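First the proteins, then the strands, lettered A, B, ... as listed; each starts at 1. In this text the structure is predicted, and so the values were computed from the model without any measurement.
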Protein chains: 4
Amino acid sequence: MRSAPGGRPRDEKLHRAILQTTYDLVLQVGFRAVSVESIAATAGVSKATIYRRWPNKAAVVMDAFTDRVGSGSLFPKAQSATESIRLQMRAMARSFRGDDGALVRALLAEAQFDPELARAFRERWTMPRRKLGIAVVEEAIRQGEMSADIDPADVIDILYGPIYYRLQMGTGALSNAYVDRIFRRAMKGLGGKDRASRDCPP
Amino acid sequence: MRSAPGGRPRDEKLHRAILQTTYDLVLQVGFRAVSVESIAATAGVSKATIYRRWPNKAAVVMDAFTDRVGSGSLFPKAQSATESIRLQMRAMARSFRGDDGALVRALLAEAQFDPELARAFRERWTMPRRKLGIAVVEEAIRQGEMSADIDPADVIDILYGPIYYRLQMGTGALSNAYVDRIFRRAMKGLGGKDRASRDCPP
Amino acid sequence: MRSAPGGRPRDEKLHRAILQTTYDLVLQVGFRAVSVESIAATAGVSKATIYRRWPNKAAVVMDAFTDRVGSGSLFPKAQSATESIRLQMRAMARSFRGDDGALVRALLAEAQFDPELARAFRERWTMPRRKLGIAVVEEAIRQGEMSADIDPADVIDILYGPIYYRLQMGTGALSNAYVDRIFRRAMKGLGGKDRASRDCPP
Amino acid sequence: MRSAPGGRPRDEKLHRAILQTTYDLVLQVGFRAVSVESIAATAGVSKATIYRRWPNKAAVVMDAFTDRVGSGSLFPKAQSATESIRLQMRAMARSFRGDDGALVRALLAEAQFDPELARAFRERWTMPRRKLGIAVVEEAIRQGEMSADIDPADVIDILYGPIYYRLQMGTGALSNAYVDRIFRRAMKGLGGKDRASRDCPP
DNA sequence: ACCTAAGCGAGACGGTACGTCTGGTCTTGGC
DNA sequence: GCCAAGACCAGACGTACCGTCTCGCTTAGGT
């Protein structure tokens, strides 16, 4: 078994510089207006260096983004699991109101045209968050805060679907009030007075 | 006010031919791969003719799409208002599984980069459906099928958010089963024990 | 029978501007250092406009060159046909000492790597001159100034071959004295005193 | 004389391997299509190793070429000095019809853009051959086969100029017949009537 | 029956970015 | 200290679309 055959290693400083530049550029002028050429020029790097490391602009931006946001401790401690979820929803909405919102919108949009990016977005943004969320939901179920007969993944969809929906549709602000309303309503259910008789078709 | 001094009127056949060609092309090769040039060439029309009528590709595709789907009779008759909503959710999921899904994904994605398209998408796709949906929700409330203290718009977000979420995230299939699960769970609420006894007695 | 189907005609001013710019650039910085990009930038023209009209840099330079030199009245009037040839050889040598020399060297060199350019060079530079030269040689033969049993094409090769040779090899200056020497010697023949007996192998 | 101060000596095997690879590659795909990278890759050598030994591609090819052809025994023995020249012209034409022709064309062409290569080509190809040729011409003059009042260098130009001319212009094949015609005509001179009676009596 | 404004096809144009390629230099770690 | 490997900067390549424009031709209305 012979050792690796040599060759100059990639320059990690460059990596960081490119991602930083990319992040800044995207926020300044928007995803569409950023080009690989502008990233290269701004970062003082040749285009080839970028294409050696990423297949296209979207991949660079994806990296620049996930480098930033990480996948860290997302669910704040709270009195209960459900309360932790509510706070996390608020935190996500808040971040969507800022720079992250623009990036998530752009990346999620671009992913609709680029299967590889879609995969990356799912693996590096969506799924880590879903997994954390599902764990908290399971805890909530264990604590009896949520029904036992529930699929945790559905809970995530019901609670977070509306947030992404507003982010993209622009039907209204992603305010804390909105988040709280959605949360409360989803917890209580939409059904009316005598709902028991109706919402359980045989 | 002077009268129009003559001039040749727009050719309506062309309009239809262009939209038809556009629709077909987008389905064949995808939104990204379609260019105004390819539409013009395929439709046997000059680029100028297209740019005389639409500001850019997205607008043409938007027209081609809404021309097709209309905003017609969306909520099927059913035993109850809530049941009508459920059936409509199923219908939307079904259409999202087909060609419409690809188009809605592409248009919604593109709209993230194009405020004008975003406006058009909202006005011609999102809002008509929301309005119909809200009306049905209001009817449901009147009938006591849904709580009186609810914002109908939130109901729409909670029920449809998850559908768009899956459409774009690709976290799972938009099956009827999924739709039913989301619907039932949203109606019942996510909350646990203390309400479980009322929800679905064995 | 309908007329040509329209379309915007090429802008002739642009054509001239591009060729002029190209010519100037090549003389300033040399063939190799000129790029299509620099031509476009200097001429205030987009790259696409150049590529719409020529397949590559060499073709532009070829055009720029032949546009300049034309294929005009090359053989000056003189007392005799042979004298006309000598004067033309001097004229060519003189032009090779100037800008044309650099261009002919570059184009002939580039043509060694580009069959299409080679064809163009032959058709637009070499052959027109050869044809004129051959006609004058034929006149010389008619006038008894040159042997009757001679292939005029060989005469051109013998007289002009050395000029191109010096142009490219750099073995010496293309002076009038050199041209005259080559001309006189070629006319008289290389053979010595008793050459008749030797240079006609049976 | 100081001893070598340590350090690893250059690997001569590598040198030969690189030149061999280069030669083969150039013949296979042509001078233009060969890059230093392709030579390095094919020879299993790093680019740096090549750039450590030669300044650029042309220099490598130049070496690969002269390594092959040498400057060896060029003028065959013959009955007379002039006949030796004729046979050498044939030999050169034959070699130009083969692989060497392609290489000489490419190198001479490239030399038009690269003064250093031009110098090398002159010193290692052109001048050795010219010197040998001039010596033979001087011998021919001593033997009375050529005029005494002649510059041997001009003889070389007149006889070999046409061969290079055809090699590059592509105005016709470099056949033995062509060579013989040029040789005979140059020996006899192009001039007409008054000398015709002396030249080749029937 | 004109007349005239506009529609139309064709396609040239200035721009801009793409992703690829090569040239020549430099760096790392093994031998 | 040479080597293979290969990262790096620089910058041209030729292509593809964009959205605008100009050119002549055609075609309906208004008079």
Walking DNA chain E from its 5' end, the first of A/Pro55 and C/Pro9 to be reached, judged by nearest nucleotide, is C/Pro9
Selected nucleotide, minimal atom distance to D/Tyr51 side chain, candidates E/dC21, E/dT25, E/dA12: E/dT25
Residue whose closest nucleotide on DNA chain F lies nearer the 5' end, D/Leu14 versus A/Glu12: D/Leu14
I'd like to know if the side chain of D/Asn56 reaches the main chain of D/Ala59, judged simply by a donor and an acceptor atom lying under 3.5 Å from each other, with no hydrogens or angles considered. yes
Of D/Lys47 and B/Val45, the one whose closest DNA chain E nucleotide lies more 5': B/Val45
Residue of the set D/Arg68, D/Arg53, D/Arg124 for which salt bridge (charged side-chain N to carboxylate O under 4.0 Å, His left out) holds with D/Asp63: D/Arg124
Between E/dG19 atom P and A/Trp54 atom CH2, what is the distance in whole Å? 14 Å
For C/Asp100 and C/Leu103, indicate whether the former's side chain and the latter's backbone hold a donor-acceptor pair under 3.5 Å. no
Given E/dG11, is OP1 or OP2 found less than 4.0 Å from the side-chain N or O atoms of C/Arg52? no
At 4.0 Å (heavy atoms only), tell me whether D/Ala48 reaches a base, stays on the sugar-phosphate, or touches nothing. base
Rounded to whole Å, please give me the gap between CD in A/Glu37 and P in E/dG15. 16 Å
Output the rounded distance in Å from CD1 (A/Ile18) to C1' (F/dC8). 11 Å
Please give, in whole Å, the distance from F/dA5 P to D/Ile50 CD1? 12 Å
Donor-acceptor pair present, B/Arg8 side chain and E/dA6 base, under 3.5 Å: no
E/dT28 phosphate, OP1 or OP2, under 4.0 Å from A/Arg10 side-chain N/O: no
Those residues at least two apart in sequence (or on a different chain) that pass salt bridge (Lys or Arg N to Asp or Glu O under 4.0 Å) with B/Arg119 are B/Glu116, B/Glu123
Could you tell me how far apart B/Arg32 (CZ) and F/dC17 (P) are, to the nearest whole angstrom? 13 Å
Phosphate OP1/OP2 of E/dC8 contacted by B/Arg53 side-chain N/O (<4.0 Å): yes
Are A/Arg10 and A/His15 linked by a side-chain donor-acceptor pair shorter than 3.5 Å? no
Check whether any side-chain nitrogen or oxygen of B/Thr49 sits under 4.0 Å from OP1 or OP2 of E/dG9, and answer yes or no. yes
Just the rounded figure in Å: distance from P of F/dC9 to CD1 of A/Ile39. 14 Å
Most 5' of C/Val34 and B/Asn56 on DNA chain F, judged by nearest nucleotide: C/Val34
To the nearest angstrom, how far is A/Lys57 atom NZ from E/dG19 atom P? 9 Å
